[in-house]
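Any value given below was found using the heavy atoms of this structure, including those in side chains, with hydrogens, waters and symmetry copies removed. Because the structure is predicted, anything quoted here is derived from the model rather than measured.
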Amino acid sequence: QVQLVESGGGLVQPGGSLRLSCAASGFALNYYRIGWFRQAPGKEREGVSCISSSGGSTNYADSVKGRFTISRDNAKNTVYLQMNSLKPEDTAVYYCAAETIITGKCVPETYAYWGQGTQVTVSS
């Protein structure tokens with residue numbers, strides 16, 4: 001049983017912060033590059049941030065660079081996404097996923113293990 005579970009989403013005002021968590025069960029996170037992806041209504045799923053298995057390499061979408069930080073605690077089998085200075089355009093369902101076709105890229109096509117997602121809504 002391979003499972004990823006996201007948590008930490010919710011409603012926040014513009015300029016606020018949230019921290020998302022992605023917890024794994026049934027497999028060890030430390031073997032995988034992990035990505036955070038998001039999908040807003042009517043839009044394609046996009047890569048937000050990805051982190052290598054060791055945590056030594058990270059990627060960020062231009063739209064979130066400088067505001068979001070990805071990190072991992074392999075001892076806790078968990079990956080985090082700290083989101084600061086949130087904007088209404090950040091509103092989406094956020095998913096974490098594990099890379100299964102190893103490319104080192106932050107694109108959803110090569111990530112096969114997905115969580116159910118957590119809703120993030122940024123609104124006054």
Salt bridge (Lys or Arg N to Asp or Glu O under 4.0 Å): which pairs involve residues 53-65, sequence neighbours left out? D62-K65
Which pairs, with at least one residue in residues 20-31 and sequence neighbours excluded, count as a salt bridge (Lys or Arg N to Asp or Glu O under 4.0 Å)? none
Quick one: do M83 and V48 end up in the same hydrophobic cluster if we chain Ile, Leu, Val, Met, Phe, Trp and Tyr together by side-chain heavy atoms under 4.5 Å apart? yes
Answer with yes or no whether the hydrophobic clustering places V93 together with Y111; edges join I, L, V, M, F, W, Y residues whose side-chain heavy atoms lie under 4.5 Å apart. yes
Using the salt bridge (charged side-chain N to carboxylate O under 4.0 Å, His left out) criterion, which residues pair with [X]? Sequence neighbours excluded.
{"X": "R45", "value": "none"}
{"X": "R72", "value": "none"}
{"X": "K43", "value": "none"}

Results of side-chain hydrogen bond (donor to acceptor under 3.5 Å, both in side chains) for Y94 - residues two or more places apart only: R38
Determine which pairs satisfy disulfide bond (SG atoms under 2.5 Å apart) with at least one residue from residues 23-94, sequence neighbours left out, and list them in order. C50-C106
Is there any ring-ring contact (aromatic ring centres under 6.0 Å, His included) pair reaching into residues 59-93, and which pairs are they, with sequence neighbours excluded? none
Just how far is it from atom CD1 of I51 to atom OG of S57, taken to the nearest 0.5 Å? 8.5 Å
Side-chain touch D90/R67, heavy atoms, less than 4.5 angstrom: yes
Tell me if a side-chain donor or acceptor on T91 pairs with a main-chain N or O of E89 at a distance below 3.5 Å. no
Candidate pair L81 and T69, rule side chain to side chain contact (heavy atoms under 4.5 Å, CB included), full reasoning: CA-CA 6 Å; L81 184 68; T69 303; over 6 Å; no
Side chains of residues 8-37: which donor-acceptor partners sit under 3.5 Å, not counting sequence neighbours?
residue, atom, partner, partner atom, Å
S17, OG, N84, OD1, 2.9
R33, NH1, N59, OD1, 3.2

If you link I, L, V, M, F, W and Y whenever their side-chain heavy atoms are under 4.5 Å apart, who else ends up in the same group as I102? none
Is there any side-chain hydrogen bond (donor to acceptor under 3.5 Å, both in side chains) pair reaching into residues 99-110, and which pairs are they, with sequence neighbours excluded? E99-T103
For residues 112-124, which residue pairs qualify under side-chain hydrogen bond (donor to acceptor under 3.5 Å, both in side chains), counting only residues two or more places apart or in two chains? Q119-T121
